[in-house]
Structure formats: C-alpha cells, structure tokens
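Shown next, in structure tokens, is the structure this report addresses.
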2 protein chains.
Amino acid sequence: MDIDGARNFDGDPDMVVRLRAAGLRPTRQRVELGKLLFACADRHLTAETLHEEAEQANVRVSLATVYNTLHQFTGAGLLREVSVDGARTYFDTNVSDHHHYFVEDENRLIDVEGKIRIGAIPAPPEGMEVASVDVVVRVRRA
Amino acid sequence: MDIDGARNFDGDPDMVVRLRAAGLRPTRQRVELGKLLFACADRHLTAETLHEEAEQANVRVSLATVYNTLHQFTGAGLLREVSVDGARTYFDTNVSDHHHYFVEDENRLIDVEGKIRIGAIPAPPEGMEVASVDVVVRVRRA
DNA sequence: ATTTGTGCAAATCGTTTGCATCTGA
DNA sequence: TCAGATGCAAACGATTTGCACAAAT
C-alpha cells in the first residue's frame, strides 16, 4: 500500500514520503511545489516567486494554492517564515537556527553563514517568555 | 522673521523650530502630528493608529497625509521605521540604537531597555556593507 | 508668484476567503 | 465514500498615487 500510494501519480516518491512524514497529504501540487522548493538548499522565496517558478516548470497551480502550501509547509516545519520587508513575506527553506542579511534596494535575503553571538537578553516584560530571536543585518552596496 | 514664522499659525513654536531644523516646512498638519507623536517618548505606532489619534484630538488630517508625514519624518531622522510583522509598518519615536520585543498574538512592539551585546557579524557578501543590525525578540505570554 | 503640501478617491500590491468542484485515501 | 484540497474570482487591508486645490515662503 505504501508503495502503491507513492506511485498513484507521477510524483517524486521521495517528496511523497517527506510530505507524509510531515503529516501532509501528498497531493500533486504539494509534491510539485515541494520539488521546486527543495531542489536546491537555502532558498528565500515569496509566494509570487514560487508561483512564477511553477509556471515556468509547467506546473499548473493557482496562486491561492501556493499561499496555502507555503503556510502548510511552514506549519509542518518544512519552511520558515521571515518578515523583514513590511511588504512581502519570505519563506526560507533553511529551517535551522540562523540569521539573515537583507539587501536593501534589492529586497533580497541571504543567509548569514556561521553564528552571531548574542549576549544576554534583558528580561522580557512581566509574564512573557522569549519565543525566538531574529537578527536581520541590513546591508547595502558599498 | 524667525519669530514671526513661528507665530504664523497657532502651532507649537517648539515643534515649528524642530521641523525647520529637520528641513521640513512646518505646515499645520505636520506640527499637529508632530505634537501627537512626540507628546510622550518611545512610542510605536502605525499610520492607522496615528490617524485615529489625530481624529480624537480633533486634528483634521487625511490618512494619506499621515503616511506622507510619517515617511518624511523618517527621512528626516525624527522617526525610525520598524518592520516585524509583514502586514503593517510601525514607526518608532525612539530613534536611538536599540532593539525590540515583539509580542506575538498582540502585534505590539516594546523597546528593549538596555543593550543586547551582539558578537562579530560574519563578513557580509562581497561589495556589501552593513547598514544596521535589527534584533527582534519575539515574546509570547508565558 | 512659486514652490510645496494636502485631501480625496481611485488604484495598486500582497494576501486571504468563499464556494463550487475535484481528488486522494 | 468523503474529508480534505484546489481554483477562481471577489474581498481585503495596508499603502500609494494622480490630480485639483490650498497653504507656506
């Protein structure tokens, strides 16, 4: 059954397995988008970007589904959401704990390789606990 | 002339001076918005918020003008723009170098009092220079 | 008199939603 | 079968823009 399941449609068996493991039904569009997303590592893309990429790869998906998928993947821990820009939302295929350069004027994100050491965080307001610490290094053309 | 200038309309002379110093023409709406903005220190507000505040203070300004003013103030170094949320844009009346707590589920910003020590930043990509480093500590109700 | 700012309404942009239809288990 | 997913188009919220009018120098 497992094997048949993975063969029900022409999807990449690896991606099918990966989605199942994440608790997501391996639908055609999720598998296709997953393949595009994780083809190379450490990508930063917006819904718009991924949608265009899908078109060029002849994968028919509506923009709404791209949004849904991106959020589902994020919920499943396959992606990380990054907001630096106010306007658009970026999704990072690198889920590990790391920080970003944001290239102003280009609206482009780049992973910071290596750790940034962060000193003690002053105690958060009463009754609050730290969920995460995001560091964005804004860079510009020198 | 300077004094007359500051008396041309019923605006707060201090704010008039402050705007002039920043290279901005002290129009009625800029003076009024400036007074609201800087009435108390270290505020974080959105265009919408400030617009409502203006209404309640019986200051007639259009939302478009609020946006314009916020951006002009930011350009003049009177405000700082903070994006953490993806949706809205916050303006911080505290222009000094500091970081923020972002209260998830409440969409509220709080200044981090005191410094956060940040270790060396790995060299940015070729031909790029660091413009600023933003740290956002996401907190949630414990 | 000239330049600059303002208000309004319409336009834009990214994102979400409602709902009928389709698909995977 | 049938919960869950998809597509489309309309709805949305935040922000911007175009342009006629008003105000500051």
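Everything quoted here is computed from the prediction, not taken from an experiment. Protein chains get the first letters and strands the later ones, always in sequence-line order, with residue 1 at the start of each.
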Side chain of T27(B) - closest among dT6(C), dT6(D), dT15(C): dT6(C)

Face-on cation placement of R18(A) at F38(A) ring, 6.0 Å and 45° thresholds: yes

Whole-Å distance separating the CG atom of L33(B) from the P atom of dG5(C): 14 Å

Presence of Q72(B) side-chain N/O under 4.0 Å of dT4(C) phosphate oxygens OP1/OP2: no

Sugar-phosphate only, base, or nothing, as touched by H71(A) at under 4.0 Å among non-hydrogen atoms: sugar-phosphate

5' precedence on DNA chain D between R30(A) and T89(B) (nearest-nucleotide basis): R30(A)

Separation of atom CG in N68(B) from atom C1' in dG7(C), rounded to whole Å: 10 Å

Per A47(B) side chain, nearest of listed nucleotides dA25(C), dT15(D), dC8(D): dT15(D)

Whole-Å gap separating P (dT15(D)) and CG (L70(B)): 10 Å

Sugar-phosphate only, base, or nothing, as touched by A64(B) at under 4.0 Å among non-hydrogen atoms: base

d(CZ, F73(A); P, dA5(D)) in whole Å: 12 Å

Interatomic distance where NE2 belongs to H51(A) and P belongs to dC13(C) [whole Å]: 16 Å

Nearest-Å distance for atom pair CD/C1', residues E81(A) and dG14(C): 13 Å

dT16(D) OP1/OP2 closer than 4.0 Å to side-chain N/O of Y67(B): no

same_hphob_cluster(M128(A), V130(A)) at 4.5 Å side-chain heavy-atom cutoff: yes

Whole-Å distance separating the CG atom of L63(A) from the C1' atom of dG14(C): 9 Å

N-O pairing of E32(A) and R60(A) below 4.0 Å: no

Value in whole Å for how far the C1' atom of dT25(D) lies from CG of L19(B): 15 Å

Q29(B) side chain, from C-beta outward: closest of dT6(C), dG14(C), dT6(D): dT6(C)

Side chains of H100(A) and D134(A), donor plus acceptor under 3.5 Å: no

Contact under 4.0 Å: S62(B) side-chain N or O vs dT6(C) OP1/OP2: no

Residue T65(B), side-chain heavy atoms: nucleotide from dC8(D), dG14(C), dT6(C) that is nearest: dT6(C)

Test log, rule salt bridge (charged side-chain N to carboxylate O under 4.0 Å, His left out), inputs R88(A) and E48(A): CA-CA 9 Å; R88(A) 62 196 106 252; E48(A) 203 67 45; over 6 Å; no

Residue R25(A), side-chain atoms from C-beta onward, closest of dA25(C), dT6(D), dG7(C): dA25(C)

